[in-house]
Amino acid sequence: MVHINTKLGQIKGFVTDDQLSEYASKVESTFKTIYDKSGAGSDFLGWVTLPSEINDGFIQDIKNQADILREKSEIFVVVGIGGSYLGARAVIEALSHQFAPFISRKGETQVVYAGHNMSEEYMVELLELLDNKDYSMAVISKSGTTTEPAVAFRILKNHIEKKYGKEEAKTRIVAITDKERGALKTLADNEGYKTYVVPDDVGGRYSVLTPVGLLPIAVAGIDIEQLVKGALEVERYCQDNKNADNEVAKYAIARQALYHQGKTNEIMVSYEPRLHYIAEWWKQLYGESEGKDGKGIFPASDTFTTDLHSMGQYIQEGLRNLFETVISVKNPTKEIRIPLADNDLDQLNYIAGRRLSEVNQTAETATILAHVDGGVPNIVLEIPEISATIIGEMIYFFEMACALSGYMLEVNPFDQPGVEAYKKNMFALLGKKGLEDRAAALKERL
Ligand code: PA5
């Protein structure tokens, strides 16, 4: 059973049934390509069965390690970039109190992030925070060679060793990386850090249900069993429904049909700010998986109604190459009603007594209809509520839909060769040995 309902009523005016059928007819063979491991990048399909392979012992180990780290940490630093941090951040922000850093609850550990940028100002301010707090960290890199987390970790390792001494620092550092390759693996072995392995057959952006995501999520106090349970629901559902009526497949089909009608930009929309990083994770997943060989839907995101006051104009009347995918939450878990005012000076008494969520949901309905009228088709993904199980479902839903979409687009959804281009230039310009010619050629262009 899957609790994500894919509603396609608001794309009807933009794609014909025949156009949808064209992609629907590819679903069964595309599922087959995934399950038979016969497509491009098939060495990276470990995520397909990850939820059902996670056993109680593994979950307990992660939880025990998380408890050890929580016990000694007011702050937990996740050092990683791309798929090595976005999944954890997406889940943690979706399921934590939105003002958590300002509400001091004894025993709770706040998660912060490093190694996802190279800003000196960010790092100095992070160290200012860590000077005054007890902390521990996870350094996460599948390749073990990515520059941003490596640089951040070198600085943080220095800091934590000065603060606690080398021996205690070791108990506060966990490394999550490849089982044998990469500089991080060598460093972790040399230093004797507790280490978790990123499976060979799971790429970074598909790794949220490995220790990469699960350890930080558990440190944040989130129920990882429920998260995995949700993902498992969708794994089983896809196993049993490898057809075009599958809710996951419907999303993939709709995206392809819209893309081939010139709707090349997809905006992931939510009316719940806590889902902001789910959209960031989704953007990486889809951007890196589809954007290659001169093809691919450009993934963007907005949080409404906030961004209706910044991006709303463009969406309503700008270039007509957009479609939106709205994550629609049916049942908010918290309740507040709009109070009645004696004088009604703000003229809002007509909505007094109503829940704020009713106004938010009305804004959602009104916006969908306005954008459709403006030429922007809307896919709606309805979820019952935001909970660990539903977020787990969403993770697997989006991963499987991404693989289906990538194969329908005839690209390899599991590589990211384009990410190397900036790195080569950066290494050359920083003076790395062996790249002198490239550096000279680059400098001539400046
Ligand atoms: O999806 C991917 O593989 C990438 O986006 C990686 O997650 C990202 O580049 C970080 O790589 P690594 O975990 O090797 O440091």
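Just so it is clear, the values below take in all heavy atoms, side chains as well, and ignore hydrogens, waters and symmetry mates. Both ligands and their constituent atoms are indexed starting at 1 by order of listing.
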| At a 4.0 Å threshold, what atoms of ligand 1 neighbour a non-hydrogen atom of Gln416? | 3 (O)
| Is it the case that Thr210 and Tyr196 place a side-chain donor and acceptor less than 3.5 Å from each other? | no
| query | Tell me, which protein residue and heavy-atom name are nearest atom 11 (O) of ligand 1, and how many Å apart are they? | reply | Thr146 OG1, 3.5 Å
| request: Would you mind running through ligand 1 and noting each atom that sits below 4.0 Å from a heavy atom of Gln284? | output: 1 (O), 2 (C), 4 (C), 5 (O), 7 (O)
| said: What I want to check is whether the side chains of Ser143 and Thr146 have a donor and an acceptor closer together than 3.5 Å. | reply: yes
| task | Using a strict cut-off of 4.0 Å, indicate which atoms of ligand 1 neighbour a heavy atom of Ser143. | result | 12 (P), 14 (O), 15 (O)
| query | Is the shortest distance from a Lys or Arg side-chain nitrogen in Asp67 or Lys63 to a carboxylate oxygen in the other one below 4.0 Å? | reply | no
| So, Glu161 and Lys157, do they make that salt bridge, N to O below 4.0 Å? | yes
| Pair Glu266 + Arg255, salt bridge at N-O below 4.0 Å | yes
| request: Flag this pair as yes if the NZ/CZ of Lys423 is under 6.0 angstrom from the six-membered ring centre of Phe427 and inside a 45 degree cone about the axis; otherwise no. | output: no
| said: Please list, in number order, the atoms of ligand 1 under 4.0 Å from a heavy atom of Ser84. | reply: 7 (O), 12 (P), 13 (O)
| Which of the numbered atoms in ligand 1 are below 4.0 angstrom from a heavy atom of Glu288? | 1 (O), 2 (C), 4 (C), 5 (O)
| What is the nearest protein non-hydrogen atom to atom 10 (C) of ligand 1, stated with its residue, atom name and distance? | Ile81 O, 3.3 Å
| said: Suppose I only count heavy atoms of Ser141 and a 4.0 Å limit; which atoms of ligand 1 are within that range? | reply: 12 (P), 13 (O), 14 (O), 15 (O)
| message | If the threshold is 4.0 Å, N to carboxylate O, is there a salt bridge linking Arg172 and Glu168? | response | yes
| task | Looking only at protein heavy atoms, identify the closest one to atom 3 (O) of ligand 1 and say how far it is in Å. | result | Gly204 N, 3.4 Å
| task | List the closest protein heavy-atom neighbour of atom 7 (O) of ligand 1: residue, atom name, distance to the nearest 0.1 Å. | result | Gly83 N, 2.9 Å
